[in-house]
Amino acid sequence: MKLELGRCLLLERLEETNMSVEQLAQQLLLRPERLIDFAENQRIMPLKMALSIADTIGCDVRDLYEILPTSHSIPNDHSD
């Protein structure tokens, strides 16, 4: 099944861990603005960044975004 990323859940995950964007940015040696871009869906996290964030805040990488099934269907190319 093909999946799509929905909205970013970074702020929700940070709230659950009582960590601020600034604290996470400091731990990852990033500018807070970059994390805010992810949280506001201005940018999609690269996989390596998502793995680092998930490891730092103690969640599964799949918990950083809503995961949505796509409604795209694959055409049936069977000739009868």
* Asked: Which heavy atom of Leu35 sits nearest a heavy atom of Val21, and at what distance?
  -> CD1-O, 3.7 Å
* Could you tell me the separation between the CG atom of Leu3 and the CZ atom of Arg62, rounded to the nearest 0.5 Å? => 6.5 Å
* Calculate, to the nearest 0.5 Å, the distance between atoms CG and CG belonging to Leu51 and Asp60 respectively. => 9.5 Å
* Structure fact -> residues 13-33 vs salt bridge (Lys or Arg N to Asp or Glu O under 4.0 Å), sequence neighbours excluded, gives Arg13-Glu16, Arg31-Glu33
* To do: Using a cut-off of 6.0 Å, state whether more than 12 heavy atoms not belonging to Glu12 lie near its atom CD.
  => yes
* So do the side chains of Leu10 and Leu24 get within less than 4.5 Å of each other, counting heavy atoms only? -> yes
* Structure fact -> When rounded to the nearest 0.5 Å, the distance separating CE of Met49 from CG of Leu28 is 6.5 Å
* **Heavy-atom pair with the smallest gap, counting every atom of Val61 and Ala50** => CG2-CB, 3.6 Å
* Structure fact -> One should read off an interatomic distance between Asp55 CG and Gln27 CD, to the nearest 0.5 angstrom, of 10.5 Å
* Asked: Honestly curious: do Leu9 and Met45 fall in one hydrophobic cluster under the side-chain, below-4.5 Å linking rule?
  -> no
* Atom pair CD1/CG of Ile36 and Leu30 - distance to nearest 0.5 Å -> 12.0 Å
* Does the side chain of Leu5 reach to within under 4.5 Å of the side chain of Leu68, using non-hydrogen atoms? -> no
* Asked: Out of curiosity, Ile57 CD1 to Asn18 CG, how far, rounded to the nearest 0.5 Å?
  -> 12.0 Å
* Structure fact -> Minimal heavy-atom distance between Phe38 and Cys8, with the atoms involved, is O-CB, 3.2 Å
* ILVMFWY cluster, Ile53 and Leu29 together (side-chain gap under 4.5 Å) -> no
* **Which atom of Ala39 lies closest to which atom of Leu11, heavy atoms considered** => CB-CG, 3.6 Å
